[in-house]
Amino acid sequence: MIDPSLIRNRLHETAEILARRGFTLDVAAIEKLEAQRKETQTEVERLQHERNRSSKAIGQAKAQGQDVAPLMEAVGALGDRLKELQGQLESIQSELSAILLGIPNLPNDSVPVGAGEEENVEVRRWGTPTEMDFGPKDHVALGANLGMLDFERAARLSQSRFMTMSGPLARLHRGLISFMLDIHTREHGYTEWYVPYIVNADSLRGTGQLPKFEEELFALRCGEDERQLYLIPTAEVPVTNLMREEIIEAGMLPRRFVAHTPCFRSEAGSYGKDTRGMIRQHQFEKVELVQLVRPEESYDALEALTGHAEAILQRLGLPYRVVALCTGDLGFSSAKTYDLEVWLPGQQCYREISSCSNFESFQARRLQARWRNPETGKPELVHTLNGSGLAVGRTLVAIMENFQDRHGAIHIPEALQPYVGGMTKIA
RNA sequence: GGAGAGAUGGCCGAGAGGCUGAAGGCGCUCCCCUGCUAAGGGAGUAUGGGGUUUAUAGCUCCAUCGAGGGUUCGAAUCCCUCUCUCUCCGCCA
């Protein structure tokens with residue numbers, strides 16, 4: 001959520017900034033609601049003040065044994081008027097907050113302005129796209145040849161967009177998770193967490209998946225229970241929510257958390273996209289980096305965090321590029337995002353494998369995640385960041401496709417071999 | 001799943017319809033005193049929102065005692081619903 005005071009004090013300026021990312025703010029509607037809100041709230045508070053004063057007077061008169069009947073009569077009429085106005089105020093405020101919750105974050109000034117994906121800006125490349133003197137296969141063909149990757153059986157168990165892995169390939173997948181976690185915890189200063197994979201609506205609101213993106217989620221209902229729970233679409237949700245409604249002492253910042261979790265996405269509205277292979281699945285594993293930092297440090301932290309994700313690709317020897325998303329392609333909650341795209345020989349293109357974002361105070365405001373600023377002594381919102389470090393399934397795809405040989409064997413990068421019991425290739 | 005107990009400020013803990021945004025203690029901050037240390041004395045110390053203001057400070061109002069509703073002129077206190085925590089029993093990886 002953006003700072004509500006922007007709506008009150010700098011509405012037009014805010015609308016202009018939002019226009020950069022292609023979002024139209026209904027300025028007229030907000031101005032009208034705001035005027036109503038102000039008037040109603042002022043009146044409600046005036047009446048409450050009056051009531052409080054009168055009630056106090058009744059108490060005092062009673063204590064002195066005076067007759068309170070006339071006093072009570074005077075106050076009686078207040079109640080109805082107050083109740084009516086409070087009802088009005090409530091409905092105005094819920095309208096306003098619905099608008100507010102639907103407003104995306106303001107892009108940072110350093111974000112390139114653009115309408116969509118095509119206008120993203122490549123920042124740097126690492127490595128060169130793998131050349132092969134034979135026709136490289138994609139991971140689907142490689143996996144099928146090895147007999148270790150199966151989409152058809154998974155569809156029978158569940159539905160489309162699921163898969164099974166078996167044998168050494170499954171082990172490689174598992175090893176990747178440990179590999180990533182070890183690097184982030186040992187070398188990048190992250191604390192490892194184990195967290196719930198099922199969360200409530202408040203958590204999803206906190207990180208911005210709700211109310212706007214409910215159709216992306218798998219919702220659970222348990223027996224008679226009325227409460228709605230959801231499978232997490234990313235570890236970002238439980239991990240960032242760890243600090244919900246907390247006030248962090250300044251000395252504890254920055255906080256760096258890493259967690260491996262499965263992620264569940266309904267992929268509504270992506271029917272035609274990436275239907276082949278394990279690029280876009282309903283269920284996948286991800287190692288997620290989350291940071292909570294002082295506001296003035298968040299852009300340095302974004303560079304660092306992006307570097308942490310890049311380190312994994314570099315260790316594995318996977319060629320990739322870093323792309324700065326333009327304003328039109330920015331996620332709802334993000335102020336600035338770098339995507340890491342890995343080279344996939346099977347598709348002859350770069351594909352997203354990590355997305356690293358600075359949310360500034362957008363999530364923190366919803367979460368009420370704060371720190372105590374020693375300069376002011378007051379609790380202030382932290383800035384939150386996260387990034388995949390990395391998407392495990394896509395990393396596996398990248399390894400399969402980049403390190404295949406002409407016989408269809410997969411060679412395991414040296415850095416990874418200790419994590420798969422010294423195995424050097426899968427054939 | 002059954003039975004019971006509980007949830008109050010950074011922490012502990014009182015309060016059982018009105019003078020309680022909340023006693024007392026601990027912690028923390030500042031000041032005084034004490035040649036060091038220990039001890040002692042004094043003051044301060046929740047959060048969110050509105051109005052005023054260019055904005056802050058200030059002033060002022062409102063809300064908040066797990067959450068939501070209700071009763072009442074008035075609720076931390078009474079009633080209802082929910083959530084969470086603890087203890088015992090059962091079950092279980």
Side-chain angles (χ1 to χ4, degrees), chain A residues 1-14 30-31 33-97 100-101 194 196-206 220-230 238 241-253 361 364-382:
Chain A
M1 189 164 79
I2 63 168
D3 186 345
S5 78
L6 292 175
I7 293 303
R8 280 193 290 275
N9 302 324
R10 291 155 63 185
L11 182 58
H12 291 274
E13 191 186 330
T14 304
I30 292 173
E31 272 176 336
L33 273 170
E34 252 305 299
Q36 287 174 359
R37 191 228 92 229
K38 191 162 167 176
E39 190 192 333
T40 314
Q41 182 165 350
T42 309
E43 182 62 6
V44 163
E45 291 185 354
R46 194 185 64 76
L47 290 174
Q48 283 175 326
H49 176 54
E50 206 170 303
R51 185 202 60 196
N52 290 347
R53 233 186 18 199
S54 305
S55 295
K56 213 162 246 185
I58 290 173
Q60 280 164 356
K62 223 173 187 174
Q64 290 165 16
Q66 296 170 2
D67 180 20
V68 295
L71 278 170
M72 298 215 351
E73 208 171 314
V75 171
L78 253 171
D80 294 337
R81 175 82 183 126
L82 186 56
K83 211 161 256 181
E84 187 195 328
L85 276 173
Q86 276 173 331
Q88 278 179 28
L89 180 62
E90 210 170 298
S91 78
I92 292 167
Q93 275 174 334
S94 71
E95 264 184 81
L96 272 169
S97 91
L100 219 44
L101 283 172
Y194 174 82
Y197 304 155
I198 296 174
V199 295
N200 57 34
D202 280 341
S203 295
L204 289 154
R205 257 190 296 276
L220 303 172
R221 199 175 290 276
C222 186
E224 307 284 290
D225 204 328
E226 290 292 301
R227 278 173 305 160
Q228 184 72 79
L229 294 171
Y230 301 85
N241 272 279
L242 287 170
M243 292 296 124
R244 182 158 103 205
E245 286 159 49
E246 296 209 17
I247 298 171
I248 306 167
E249 288 310 320
M252 295 294 289
L253 292 176
S361 59
R365 186 168 295 105
R366 294 177 172 218
L367 292 162
Q368 284 303 300
R370 295 174 295 175
W371 68 299
R372 196 172 293 279
N373 185 343
E375 281 172 34
T376 60
K378 293 282 172 197
E380 295 172 14
L381 296 170
V382 297

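Labels below follow one simple rule: chain letters A, B, ... track the order of the sequence lines, proteins then strands, and each chain is numbered from 1. Note that this is a predicted model, so its numbers are computed, not measured.
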(request) Measure the distance from CD on Glu246(A) to P on C11(B) and round it to the nearest whole Å. (result) 11 Å
(request) If C36(B) has a Watson-Crick or G-U wobble mate with both distances under 3.5 Å, name it; if not, just say none. (result) none
(request) Compare the minimum distances between each of G49(B), G48(B), C73(B) and the side chain of Arg370(A), then state the nucleotide with the smallest one. (result) G48(B)
(request) Once you apply the 3.5 Å cut-off to both distances, tell me the Watson-Crick or G-U wobble partner of G74(B), or none. (result) none
(message) With nearest nucleotide decided by heavy atoms, which residue, Asn9(A) or Glu380(A), maps closer to the 5′ end of RNA chain B?
(response) Glu380(A)
(request) Determine yes or no for a side-chain-to-main-chain donor-acceptor pair under 3.5 angstrom, with Ser94(A) supplying the side chain and Ser91(A) the backbone. (result) yes
(message) When you measure from the side chain of Arg365(A) to the backbone of Pro4(A), do you find a donor-acceptor pair of N or O atoms at a distance under 3.5 Å?
(response) no
(request) Can you tell me, in whole Å, how much space there is between the P of C79(B) and that of A7(B)? (result) 14 Å
(message) Does Glu34(A) form a salt bridge (charged side-chain N to carboxylate O under 4.0 Å, His left out) with Arg37(A)? I'd like the steps, not just the answer.
(response) CA-CA 5 Å; Glu34(A) 252 305 299; Arg37(A) 191 228 92 229; 2.6 Å; yes
(request) Go through G49(B), U71(B), G51(B) for me and flag the one nearest to the Lys38(A) side chain. (result) G51(B)
(message) Please compare Pro4(A) and Glu50(A) by the position of their nearest nucleotide in RNA chain B and report the one closer to 5'.
(response) Pro4(A)
(message) Can you tell me if Lys56(A) touches the phosphate of A75(B), counting only side-chain N or O atoms and a distance under 4.0 Å to OP1 or OP2?
(response) no
(request) Rounded to the nearest angstrom, tell me the gap between atom CD in Gln48(A) and atom C1' in U60(B). (result) 15 Å
(request) Starting from C1' on G70(B), measure out to CD on Gln86(A) and report it in whole angstrom. (result) 14 Å
(message) Does the structure show a Watson-Crick or G-U wobble partner for C28(B), both distances under 3.5 Å? Name it, or say none.
(response) G44(B)
(request) May I ask which nucleotide in the shown strands pairs with A16(B), Watson-Crick or G-U wobble, both distances under 3.5 Å? (result) none
(request) For A93(B), give its Watson-Crick or G-U wobble partner with both distances under 3.5 Å, or none. (result) none
(request) Answer yes or no: is there an ion pair linking Asp202(A) with Arg205(A), defined by an N-O contact shorter than 4.0 Å? (result) yes
(message) Mind checking if Arg53(A) touches a base, just sugar-phosphate, or nothing, with heavy atoms under 4.0 Å?
(response) nothing
(request) Could you check which of G18(B), U71(B), G49(B) has an atom nearest any side-chain atom of Gln41(A)? (result) G49(B)
(request) Report the distance from atom CG of Leu89(A) to atom P of G51(B), rounded to the nearest whole Å. (result) 12 Å
(request) Could you check which of G18(B), C62(B), U71(B) has an atom nearest any side-chain atom of His49(A)? (result) C62(B)
(request) Rounded to whole angstrom, note down the C1' distance from G15(B) over to U77(B). (result) 8 Å
(message) Pairing check on U52(B): which nucleotide meets the Watson-Crick or G-U wobble criteria with it, both distances under 3.5 Å?
(response) G58(B)
(request) Heavy atoms only: give me the nearest Val44(A)-Leu82(A) pair and the separation to one decimal. (result) O-CD1, 3.7 Å
(message) Testing Gln48(A), His49(A), Glu43(A) one by one against Arg46(A) for a side-chain hydrogen bond (donor to acceptor under 3.5 Å, both in side chains), which residue passes?
(response) Glu43(A)
(request) Could you check which of C61(B), U47(B), G74(B) has an atom nearest any side-chain atom of Ser55(A)? (result) G74(B)
(message) Please tell me if Lys378(A) has a side-chain N or O lying less than 4.0 Å from either OP1 or OP2 of U47(B).
(response) yes
(message) With rounding to the closest Å, how many angstrom separate the C1' atoms on A5(B) and C91(B)?
(response) 23 Å
(request) Could you work out the separation of G40(B) and G49(B) based on their C1' atoms and round it to a whole Å? (result) 42 Å
(request) Just compare G48(B), C73(B), C61(B) and give me whichever is closest to any side-chain atom of Glu45(A). (result) C61(B)
(message) Expressed as a whole number of angstroms, how long is the span from Arg244(A):CZ to U83(B):C1'?
(response) 12 Å
(message) For G9(B), give the paired nucleotide (Watson-Crick: N1-N3 plus N6-O4 or O6-N4; G-U: N1-O2 and O6-N3; both under 3.5 Å), or none.
(response) none
(request) Quick one: label Arg46(A) by what it contacts on the DNA or RNA (base, sugar-phosphate, nothing), any heavy atom closer than 4.0 Å. (result) nothing
(request) Quickly work out the Asp80(A) CG to U72(B) P distance and round it to whole Å. (result) 11 Å
(request) Provide the distance between the two C1' atoms, one in G6(B) and one in G13(B), to the nearest whole Å. (result) 14 Å
(request) Taking Gln228(A) for its side chain and Leu220(A) for its backbone only, find out whether a donor-acceptor pair lies under 3.5 Å. (result) yes
(request) Kindly indicate whether the side chain of Lys62(A) and the base of G18(B) share any N or O donor-acceptor pair separated by less than 3.5 Å? (result) yes
(request) Could you please name the partner base of U87(B), counting Watson-Crick and G-U wobble pairs only when both distances are under 3.5 Å? (result) A3(B)
(request) Rounded to the nearest angstrom, tell me the gap between atom CZ in Arg365(A) and atom P in G48(B). (result) 12 Å
(request) Indicate, with a heavy-atom threshold strictly under 4.0 Å, whether Gln60(A) touches base, sugar-phosphate, or nothing. (result) nothing
(message) Looking at Glu31(A), I'd like to know if its CD atom is crowded, meaning that more than 12 non-hydrogen atoms belonging to other residues, nucleotides or ligands lie closer than 6.0 Å.
(response) yes
(message) Using the C1' atom as the point on both nucleotides, what is the distance between U29(B) and U87(B), in whole Å?
(response) 40 Å
(request) Report yes if a side-chain nitrogen or oxygen of Asn52(A) is closer than 4.0 Å to either non-bridging phosphate oxygen (OP1 or OP2) of C73(B); otherwise report no. (result) no
(message) With rounding to the closest Å, how many angstrom separate the C1' atoms on A67(B) and G10(B)?
(response) 22 Å
(request) Give Arg372(A) one of three labels, base, sugar-phosphate or nothing, depending on what nucleic acid heavy atoms sit under 4.0 Å from its own. (result) sugar-phosphate
(request) Determine the Euclidean distance between corresponding C1' atoms of A75(B) and A22(B); express it in Å to zero decimal places. (result) 13 Å
(request) Can you tell me the distance, in whole Å, between the CD atom of Glu43(A) and the C1' atom of A63(B)? (result) 17 Å
